[in-house]
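To start, the structure itself, in structure tokens.
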Amino acid sequence: LGLSNGTLMVAYRDTQPATDTIRVRPSSIDGALQGGNTISSTPATDSILNRPQMAELQNGNVVVTWSGGPLGSSQQKFGIRAPSGLAVLAETDVNPEDAANESVAGDIVALADGNFVVIFTRPGDADSVQGRLFDQDGNALGARFSISAGAAFNPAAAALQDGRFMVVMDTGAGGNI
């Protein structure tokens, strides 16, 4: 992810050691990694991690989201990093009050007002696409909300100039979006 300060932030899934971790690391524009390796999720909390996504917030921090959890269960999680890679907010569940329901395959969008929205699919809820809005510090601004009326997956989102966001998803009906 290219940051407004001219550096890059890289998020990746590291399968070493035996359990997965999501790592986030700043880099110069020429690709030289800077600073230490910061960990967004640790093997003690999750055993299978997938799909790290990032977005730069208005304050310059970077929010990272991923799906993770023990075998047979997955939750959408996020953390916030400073441009240096240092943790601003540790690993946080998108839906901590609903940990029994799975949520996967998310996207994240930084909004013009400094807030961000996490989009995810809930396999335990008729594969519906849902979202949740957060402020720049990672505080939830209300409960999760539905985006699709029925089964859908692989959501992708984009911010609009007026502060709203748009979500596209695969409905599975002949590849329609």
Could you give me the CA-CA distance, side-chain angles and deciding distance for Val117 and Phe134, then say whether side-chain contact (heavy atoms from CB on, under 4.5 Å) is met? CA-CA 6 Å; Val117 64; Phe134 295 88; over 6 Å; no
pair [X]-[Y]: side-chain heavy atoms closer than 4.5 Å:
X      : Y      : answer
Asn154 : Met169 : no
Val109 : Phe116 : no
Leu57  : Val63  : yes
Glu91  : Trp66  : yes

Run the side-chain contact (heavy atoms from CB on, under 4.5 Å) check on Ile147 and Gln130 step by step: do they pass? CA-CA 5 Å; Ile147 297 171; Gln130 298 186 6; 5.6 Å; no
Shortest non-hydrogen contact from [X] to [Y]?
X      : Y      : value
Pro83  : Pro26  : O-CB, 3.5 Å
Ala11  : Val64  : CB-CG1, 4.4 Å
Val62  : Met9   : CG2-CE, 4.0 Å
Pro155 : Val167 : CB-CG1, 4.2 Å
Leu111 : Arg164 : CD2-O, 4.2 Å
Ser4   : Glu56  : OG-OE2, 2.8 Å

Give a yes or no on whether the backbone of [Y] and the side-chain of [X] come within a donor-acceptor separation of less than 3.5 Å.
X      : Y      : answer
Ser148 : Val129 : yes
Thr92  : Ala90  : yes
Asp137 : Asn139 : no

Looking at Lys77, Arg132, Arg144, which one forms a salt bridge (charged side-chain N to carboxylate O under 4.0 Å, His left out) with Asp93?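 It is Lys77; the other options fail the test.
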Determine, stepwise, if the pair Asn115 / Leu141 fulfils side-chain contact (heavy atoms from CB on, under 4.5 Å). CA-CA 9 Å; Asn115 297 330; Leu141 300 174; 3.7 Å; yes
Nearest-0.5 Å distance that lies between atom CG in Asn5 and atom OG in Ser84: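 Here the interatomic distance stands at 10.0 Å.
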Rounded distance (nearest 0.5 Å) linking atom CD of Gln76 with atom CG of Asp107: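 Rounded to the nearest 0.5 Å, the CD-CG separation comes out at 9.0 Å.
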Quick one: sort the Phe165 and Phe145 rings into parallel, tilted or perpendicular, breaks at 30° and 60°.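 The rings of Phe165 and Phe145 sit tilted, inter-plane angle from 30° to 60°.
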